[in-house]
Amino acid sequence: MDTLFGDAAQRLFAQAYPIEVLHAIERGQAATGAWQAVEDSGFLDALLPEDAGGAGLRLADIVPLAQSAGHHAVGAPVIQTLLARAWLHHAGHQPPSGPIALAPFQVHHTTAGIQAHAVGAARIAQWVLAAMPDGARFLPVAQAEITPSGGHGSLDADMHWPSAVLRDSPLLNTADVSLADLAAVAYAGLIAGALERILALTIDYANQRTQFGKPIGRFQAVQQQISVLAEQVWAVRTAAQLAYQSPDWRPAPLLAALGKARASAAVTRAADIAHAVHGAIGVTAEYELQYYTRRLREWRRAAGGEPYWNARIGADALAASTSALDYVRKHLFAVIE
C-alpha cells in the first residue's frame, strides 16, 4: 500500500506543482487549479473516518504522502490541511474546503484582536487553525491583515484579526491532541522528502559536472561530502517515519518531538553540503536547488526548531528518573510496542 499511495502522491504533486507553479506562487500568483487537484484527489480526507467521508487511515499510512509533498517542495499546506481536517472533525467542527495553515505558537489575544506571528504558508492559506491558551480558533485568512515575514520567497506571514472576527470563530478544544504536535509531524515528513530530493540533485550534478577531465563525483573529497549528506537524509527519513507511528490519526507527542528535532537539526548541514558540491549554479534562479534549500530552511524553524523539541524530550527524560536505555525503550518508543 505504501508504494501505491506514494506513487499516486508523486504523480499528483508532479502534475499539480511543477517548479514553474512553485515559483509563480512565490510571486504571489494564485494556483487554484493546483489546489483543486489536491482537493479532488481525496488525500485531504485520508485521516477522517469512513462514516465522515474519509478513508479511515492511520497516521503511519500517510508517511508517503508527506514525503512526496516535501520531495516536490510543495509550499501549499497540504499535509497541514490533512492533519487539521482530522483535528477539526475530532473537535466536532465540520472541516471546510481550502488550504489550512497551522499556528501552534506565537499567537496572542489582546483587546485589539488576535495576533499570530510567522504563520507557515499563511500567504497561500484560506484558513488558520491557531492555538490559544484555552483552546484553538479557526480563523479566516480573508479577514486578517497580512504582513509577509521570512526571507526571499517565503510564504510565511504575520497576521492580525480584529476582535469582531472572534464572534464568528468559536473556541475549539481537543485536549488530547496538541496543534504543536500536528505541526511537528507535518514538517518532519516534509523535510524528509525535500532532503531526499536535494540528495538526488547533488548526486546527478556530481556525476555530470567535469573537472580535470572527469566527473567531480569521482573525487574523494566530494564523495565524502555526499556520503555525509546521504547519512543525514536517511537519518531524517527514519526519524520522520517514527514520528508518524501511531495506532490512529493522532501523533504520539514524544515521537513527534523526536521527528521534528532530528529533521530540523539536519537541514543546515545538508543544505550547505548540497550547495558546496553545486557551487555557484546552486543559488541561481534557473536551477531548482535554491528553491528546495530555501523551503527547507523555512520548514526547519517552522513550529519550533531543534532546540525547542530537544528540550521537550530532555524535560520528559529527566522527569522519568530512569536510565537512558530504559527511557528510550519504555517511554520514547512505547507507542510502537
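All heavy atoms count here, side chains included; hydrogens, waters and symmetry mates do not.
Taking the side chain to side chain contact (heavy atoms under 4.5 Å, CB included) definition, one finds that Pro99 meets it with Trp35, Pro77, Thr81, Gln126, sequence neighbours left out. For the side chain to side chain contact (heavy atoms under 4.5 Å, CB included) test, residues two or more places apart in sequence or in another chain that qualify with Pro49 are Asp51, Ala52, His89. Looking at residues two or more places apart in sequence or on another chain, you find a ring-ring contact (aromatic ring centres under 6.0 Å, His included) between Trp249 and His90. In this structure, the ring-ring contact (aromatic ring centres under 6.0 Å, His included) partners of Phe43, at least two apart in sequence or on a different chain, are Phe5. Residues forming a salt bridge (Lys or Arg N to Asp or Glu O under 4.0 Å) with Asp248 (at least two apart in sequence, or on another chain): Arg250. Checked against side chain to side chain contact (heavy atoms under 4.5 Å, CB included), Ala230 has the following partners two or more places apart in sequence or in another chain: Leu199. Annotation: side chain to side chain contact (heavy atoms under 4.5 Å, CB included) contacts of Ala112 (sequence neighbours excluded): Thr110, His160. By the salt bridge (Lys or Arg N to Asp or Glu O under 4.0 Å) test, Arg312 pairs with Asp181, sequence neighbours left out. Applying the side chain to side chain donor-acceptor pair (under 3.5 Å) criterion to Glu26, with sequence neighbours excluded, gives Arg294, Arg295. Taking Tyr287 as the reference, His278 meet the ring-ring contact (aromatic ring centres under 6.0 Å, His included) condition, with sequence neighbours excluded.
A donor-acceptor contact closer than 3.5 angstrom links the side chains of Gln10 and His72.
Counting only residues at least two apart or on different chains, no salt bridge (charged side-chain N to carboxylate O under 4.0 Å, His left out) pair has a member in residues 94-119.
Aromatic ring orientation, Phe13 versus Tyr17: tilted (interplanar angle from 30° to 60°).
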Sequence neighbours left out, cut at 3.5 Å: what donor-acceptor pairs do the side chains of residues 133-146 make with other protein atoms?
unit_1: Arg137; atom_1: NH1; unit_2: Ser169; atom_2: O; d: 2.4

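Nearest heavy-atom pair, Leu129 versus Ala84, reported as atom, atom and distance to 0.1 Å: CD2-CB, 4.1 Å.
Distance check: Leu166 CG to Leu171 CG gives 9.5 Å after rounding to the nearest 0.5 Å.
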